[in-house]
Amino acid sequence: MKNRRDFLKSTGLIAASAVFSPHVLLKATQPQKTKLGIALVGLGYYSTDLIAPALLKTEHCELKGIVTGTPSKVEIWKNKYGLADKNIYDYNNFDQIANNPDIDIIYVILPPSMHREFVVRGAATGKHIFCEKPMAPSVADCQAMIDACNKNNVKLSIGYRCQHDPNLQQVIKVAKERPFGKPKMINSAAGYFDGRTTHWKQNKALGGGVMGDMGVYALQGARMAAGEEPISVIAQASTTRPEIYKEVEETMMFQLEFPSGAKAACQSSFGINMNHLQVNYEKGWLKMEPQSGYGNNKGSMSDGTIINFPLPSQQPKQLDEDALSIIEKKPMLVPGEEGLRDIRVVEAIYKSVKSGGVVKI
Ligand code: NAD
C-alpha cells in the first residue's frame with residue numbers, strides 16, 4: 001500500500017507543498033465528502049432559532065460543531081444536536097478546528113465587529129467560511145477577510161439568504177433582462193421595532209446601528225432592483241428614542257443614484273415594522289412585500305405576473321446551495337466581494353450623515 005509520501009509524490013503534491021500550507025495539502029489528499037460538517041461560531045438568536053434548525057433539513061451539510069464563549073450552552077447544544085465532545089470549542093481554542101476532519105465550514109454568526117477576527121482566524125484553519133451579514137463595519141475589514149480566504153484557498157460566502165430566494169431572484173432577473181425598460185424610481189424599506197436597550201444593535205463598538213443590521217436589506221433591495229452599483233448617496237440619520245440610541249442611529253433614510261439615472265429612496269429603522277420594495281421602470285412596475293422575510297416573500301408586476309414561488313424558509317436552501325458550491329468547486333452565489341459592495345455604500349452613507357451633503361461612491 002502506498003504511504004502518504006508516495007501518494008504526494010505521485011500526485012505532484014510534494015512540489016506543491018513548497019507553495020501551499022499544510023492544511024491545503026491535507027485537504028487535497030482527503031476524499032471529497034458529499035455532506036459537509038459545519039461549526040457555528042456564536043450561539044445567539046440567529047444560530048439558535050434559524051441556522052441550527054435549518055441544518056436539520058439540509059442534504060449537503062450538517063451541524064457538527066460549535067464555538068461558544070458561554071459554557072452553559074454546551075450541554076444544551078450537545079444534547080439537542082448530538083455533538084461530539086471533540087467538536088466543541090471556545091473562542092480561545094477555536095483555531096484547533098484546523099485539525100478536525102469533521103468540520104469543513106466555519107459559520108461566523110457574531111456581532112458584526114467580531115466578523116473580521118473570526119473570519120481571518122477561521123480562514124487560517126483551512127476551513128471554508130460562511131459569515132453573516134453585514135460582512136463587517138468597514139471596507140478595510142471586508143478586504144482583510146477576502147484576502148485571508150484567498151490566501152488560504154478557502155471559499156467565503158456572506159449570509160445574504162434573500163439572494164437564494166427565487167422570489168428575490170425574480171427582481172434580479174427583471175433588472176438584468178429589462179422587460180419594462182430601465183428602472184427609474186426605487187423605494188426600498190426594511191425595519192422592525194426593537195424593544196431591547198443594551199443589545200449590540202445599540203452599541204457602536206460592536207457594529208450596531210440600523211445600518212449594521214436591517215439597513216443592508218434596504219440597500220440590497222435597491223441594488224438588486226437597479227442591477228447596478230450606486231454612484232452617489234445622500235443620507236440622514238435619526239432617532240425617536242435618544243435615551244436608547246445614544247451612540248448609533250435608530251433610523252437611516254438614504255437616497256441612492258445609479259449610473260443609468262435611476263434613483264432609490266431607502267429607509268431602515270429599529271423603530272417601526274416595514275418591509276417592502278417598489279420599482280418603477282420606464283414601462284411598468286414591480287412590487288414585493290415582504291421583500292426580505294425568512295420566507296414567503298411575494299409580489300407582483302405590472303404585466304399581471306404574480307411573484308410567489310413557494311419557499312417557506314430560505315435558510316436550508318441557502319446552506320445547501322453554498323455547501324454544494326464548495327463540493328462542486330463552483331463560485332459562491334454571494335461571495336465576500338458582494339458583502340464588501342454593501343459596506344462601501346454604508347461607509348458613504350455615514351460620510352453623508354456627517355457632511356450633510358451628497359457623497360460620491
Ligand atoms: P445575538 O446577539 O442574538 O447573538 C450574538 C452572539 O454573539 C451571542 O451568542 C453572544 O453570546 C455572542 N457574543 C460574543 N461576544 C459578544 C459580545 N462582545 N457582545 C455581544 N455578543 C457577543 O445576535 P444575532 O441576532 O444572532 O446576530 C448575529 C449575526 O447574525 C449578526 O451579524 C446579525 O446581523 C446576523 N443575523 C442575520 C440574520 C439573517 O437573516 N441573515 C438574522 C439575524 C441576525
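Read the numbers this way: they start at 1 and go in the same order the structure lists the ligands and their atoms. Residues take their numbers from the sequence shown, with the count starting at 1.
Note on ligand 1: M114 sits in its first shell, one or more heavy atoms being nearer than 4.0 Å. Put simply, no part of Y160 is less than 4.0 Å from ligand 1, judged by heavy atoms. Look at G69 and you'll find every heavy atom at least 4.0 Å from all atoms of ligand 1. Within the 4.0 Å heavy-atom shell around ligand 1 one finds Y217.
The single protein non-hydrogen atom nearest to atom 23 (O) of ligand 1 is W200 NE1, 3.0 Å, given as residue, atom name and distance. Looking at atom 30 (O) of ligand 1, its nearest protein heavy atom turns out to be E132 CG, 3.4 Å. Counting only heavy atoms of the protein, atom 40 (O) of ligand 1 lies nearest to R161 NE, 2.6 Å.
Considering each of Y46, F118, Y294, the one bringing a non-hydrogen atom nearest atom 24 (P) of ligand 1 is Y46. Considering L40, I109, T68 only, the shortest heavy-atom separation from atom 28 (C) of ligand 1 involves I109. The residue from A136, S47, G44, P111 that puts a heavy atom closest to atom 7 (O) of ligand 1 is P111.
Ring geometry for F130 versus Y107: interplanar angle over 60°, hence perpendicular rather than tilted (30 to 60°).
The residues E347 and K351 are annotated as not salt-bridged, no charged nitrogen and carboxylate oxygen being separated by less than 4.0 angstrom.
Only one option out of N275, N297, D165 pairs with S292 in a side-chain hydrogen bond (donor to acceptor under 3.5 Å, both in side chains); it is N275.
Rounding to the nearest 0.5 angstrom, the gap separating the OG atom in S157 from the CD atom in Q163 is 9.5 Å. We find the NZ-CG distance between K133 and D213 to be 4.0 Å, quoted to the nearest 0.5 Å.
Near H115, with a cut-off below 4.0 Å to any heavy atom, the atoms of ligand 1 are 32 (O). Near G159, meaning under 4.0 Å from one of its heavy atoms, ligand 1 places the atoms 41 (N).
Within the 4.0 Å heavy-atom criterion, neither part of Q314 lies near ligand 1. When non-hydrogen atoms are compared, ligand 1 lies under 4.0 Å from the side chain of D213 (C-beta onward) but not from its backbone. Only the side chain of L206 comes within 4.0 Å of ligand 1, judged by heavy-atom distances.
With Y350 as the aromatic partner, K204 meets the cation-pi criteria of under 6.0 angstrom to the ring centre and within 45 degrees of the ring axis.
Backbone and side-chain nitrogen or oxygen atoms of G42 are examined, and none is located within less than 3.5 angstrom of a nitrogen or oxygen of ligand 1.
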